[in-house]
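First comes the structure, then the notes that go with it.
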Amino acid sequence: MAHQPSLISLQWFSILLVCISLFSWSIFAASPDAPLTLDYYKSTCPTVFEIVRKEMECEVNSDPRNAALVLRLHFHDCFVQGCDGSVLLDDTISLQGEKKASANVNSLKGFEIIDRIKNKLESECPGIVSCADILTVAARDAVILVGGPYWDVPVGRKDSKTANYDLVRENIPTANEGLLSIIAKFLYQGLSVTDMVALAGAHTIGMARCENFRARIYGDFGATDSYLRNLKSICPAAISSSGENNVTAMDNVTPNLFDNSFYHTLLRGEGLLSSDQEMYSNVFGIETKKLVRKYADDPLAFFNQFSDSMVKLGNITNSDSFVNGEVRKICRFVNT
């Protein structure tokens, strides 16, 4: 008979994860803080926040899904060499960007939204506001515009002159990745288990591609028959070029509203992505399971923690960009 982990050993394992999380965060917190401030553009571009907000209002009003696109761009940017706008760079003869990496190539959209905001700001304050800051502020406004919480965004980031194609594969969590592996990726960024569960709540407005949930719905998916039939009609079992890019909402109850409904899907066993459901169903997820229940029961607790965790995410900085970085004129290309 296979050995089953005892309750005591699981509890100690959970405690160990929390201790590692706290220790990891203390290391990052001990590092010199990047010079990010709330009033960085007060004298050089005082209308920056207003311009970003107005542009994001237009984008989200035209298509509520644009909120999720910008939020995902921000996450993928910050998890690869910090929040430095590297995810926005196109490939050139001398630079390999991150857009074509496997975790990004069919996942990231919305680059033209950032382009439009950048164009507005270049007209108002040429050469002042970095693309990295634009993306960070736009992500905050995106959440607010679909009903989510507000948080202050410290600014003053510089744009990197480099990108890191290989780090995308190493750092970005994937749809079928195990819980412990994803926790490790968050800890590496200085984010705790609590941050991980709260930030995953952004999937309440997210969409998933067929190839990222096929194994889940043809496996141990615990959904109602009608919901499962609908998912299988969107994502057929046979791999085909026509079906791979079919998408559906990760929160099938309120897909265009930023709320805590996502956590209720996990309680029902209906998390669309295996990596999401792992937070509630994995035998080692004692701490994550408690947090899923907490945020499902208390939307205010979720909003408060999501805001705090988004600030921490946005403060993952690229120290090299503060020394050697720049303010790009066009977000897709390094200045020449």
Side-chain angles (χ1 to χ4, degrees), residues 52-77 106-114 116-117 134-151 153 175 197-213 216-217 221 223-224 226-235 245-273 275-277 279-280 292 295-307 309-310 313:
V52 174
R53 179 180 55 79
K54 286 183 176 179
E55 289 301 304
M56 282 306 300
E57 281 181 356
C58 292
E59 299 291 348
V60 175
N61 285 339
S62 66
D63 186 350
R65 286 179 56 188
N66 285 335
L69 301 184
V70 171
L71 186 55
R72 180 176 289 179
L73 273 179
H74 177 52
F75 179 88
H76 281 235
D77 184 38
N106 293 312
S107 174
L108 298 186
K109 298 178 181 178
F111 297 102
E112 68 285 348
I113 296 173
I114 305 304
R116 287 192 282 268
I117 298 173
I134 291 171
L135 182 52
T136 308
V137 176
R140 187 272 310 274
D141 291 344
V143 171
I144 294 172
L145 288 165
V146 287
Y150 170 91
W151 63 92
V153 178
V197 178
L199 291 172
H203 286 172
T204 191
I205 57 169
M207 305 290 287
R209 295 174 63 245
C210 169
E211 70 167 355
N212 289 326
F213 63 85
R216 172 96 171 110
I217 64 173
F221 195 49
T224 60
S226 59
Y227 182 36
L228 186 56
R229 281 196 303 272
N230 180 59
L231 290 174
K232 288 182 176 180
S233 70
I234 295 169
C235 185
N245 291 321
N246 291 346
V247 298
T248 191
M250 286 186 259
D251 171 4
N252 67 315
V253 180
T254 54
N256 293 324
L257 178 65
F258 195 98
D259 57 14
N260 67 335
S261 177
F262 165 76
Y263 297 104
H264 290 277
T265 68
L266 303 186
L267 297 184
R268 295 192 301 269
E270 295 183 356
L272 187 61
L273 302 184
S275 55
D276 285 340
Q277 190 61 47
M279 294 189 297
Y280 188 72
V292 168
Y295 300 147
D297 292 340
D298 189 346
L300 183 58
F302 165 50
F303 272 28
N304 288 338
Q305 184 58 57
F306 185 83
S307 298
S309 297
M310 283 297 294
L313 175 69

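Basis for what follows: all heavy atoms, side chains included, without hydrogens, waters or symmetry-related copies.
Side-chain atoms of Asn246 come within 3.5 Å of backbone atoms of Ile234 as a donor-acceptor pair (strictly under, hydrogens ignored). At least one donor-acceptor pair closer than 3.5 Å links the side chain of Arg216 to the backbone N or O of Gly271. Here the side chain of Arg140 pairs a donor or acceptor atom with the backbone of Trp151 at under 3.5 angstrom. Under the 3.5 Å distance criterion, the side-chain polar atoms of Tyr263 are matched with a main-chain donor or acceptor of Ala198. When atom types are taken as modelled, the side chain of Asn256 and the backbone of Pro64 share no donor-acceptor pair closer than 3.5 angstrom.
Considering CG of Asn66 and CE of Met56, their distance stands at 7.0 Å, rounded to 0.5 Å. Separation of atoms CZ (Phe262) and CG (Asn252) is listed at 12.0 Å; rounding is to 0.5 Å. Distance check: Met279 CE to Leu266 CG gives 5.0 Å after rounding to the nearest 0.5 Å. Taken to the nearest 0.5 Å, the NE2 atom of His76 stands 8.5 Å off from the CG atom of Leu73. Note that OG1 of Thr265 and CG of Leu267 are 8.0 Å apart. Values are rounded to the nearest 0.5 Å. One finds the CG atom of Leu69 at 10.0 Å from the CZ atom of Phe111 (value rounded to the nearest 0.5 Å).
For the pair Glu270 and Leu231, the minimum side-chain heavy-atom distance is 4.5 Å or more. Side-chain contact check for Asp251 versus His203: every heavy-atom pair is 4.5 Å or farther apart. Side-chain contact between Leu300 and Asn304: present, with at least one pair of heavy atoms (C-beta onward) separated by less than 4.5 Å. The closest side-chain heavy-atom distance from Arg116 to Cys58 is not below 4.5 Å. The shortest distance between side-chain heavy atoms of Val60 and Val70 does not fall below 4.5 Å.
In plain terms, the two heavy atoms of Ala175 and Leu273 that are nearest each other are CB-CD2, 4.0 Å. The shortest non-hydrogen separation linking Val146 to Ala67 is CG1-CB, 3.8 Å. In terms of heavy atoms, Thr254 sits closest to Ser261 at OG1-CB, 3.5 Å. Counting all heavy atoms, side chain and backbone alike, Leu71 lies closest to Phe306 at CD2-CZ, 4.5 Å. Contact detail for Met207 and Ala249: the closest heavy-atom pair is SD-CA, 3.6 Å. In terms of heavy-atom proximity, Ala208 sits nearest to Met250 at CB-CG, 3.9 Å.
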>> With side-chain contact (heavy atoms from CB on, under 4.5 Å) as the criterion, how do Ile113 and Ile117 come out once you've worked through the C-alpha distance, each side chain's angles and the decisive distance to 0.1 Å?
In response: CA-CA 6 Å; Ile113 296 173; Ile117 298 173; 4.3 Å; yes
>> Evaluate His74 against Leu313 for side-chain contact (heavy atoms from CB on, under 4.5 Å), listing each step before the verdict.
In response: CA-CA 9 Å; His74 177 52; Leu313 175 69; 3.9 Å; yes
> Taking it one step at a time, do Arg53 and Ile144 satisfy side-chain contact (heavy atoms from CB on, under 4.5 Å)?
Replying inline: CA-CA 10 Å; Arg53 179 180 55 79; Ile144 294 172; over 6 Å; no
>> Using the rule given for side-chain contact (heavy atoms from CB on, under 4.5 Å), can you reason through Glu55 versus Ile134, listing the C-alpha separation, both sets of side-chain angles and the distance that settles it, and then say yes or no?
In response: CA-CA 11 Å; Glu55 289 301 304; Ile134 291 171; over 6 Å; no
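Between Thr204 and Asp259, the side chains place a donor N or O and an acceptor N or O closer than 3.5 Å (distance only, hydrogens not considered).
Other residues, nucleotides and ligands place more than 12 heavy atoms under 6.0 Å from the NZ atom of Lys232.
Below 30°, between 30° and 60°, or above 60°: for Phe302 and Phe258 the angle between ring planes is below 30°, a parallel geometry. Relative orientation of the Tyr227 and Phe221 rings is tilted, given thresholds of 30° and 60° on the angle between their planes.
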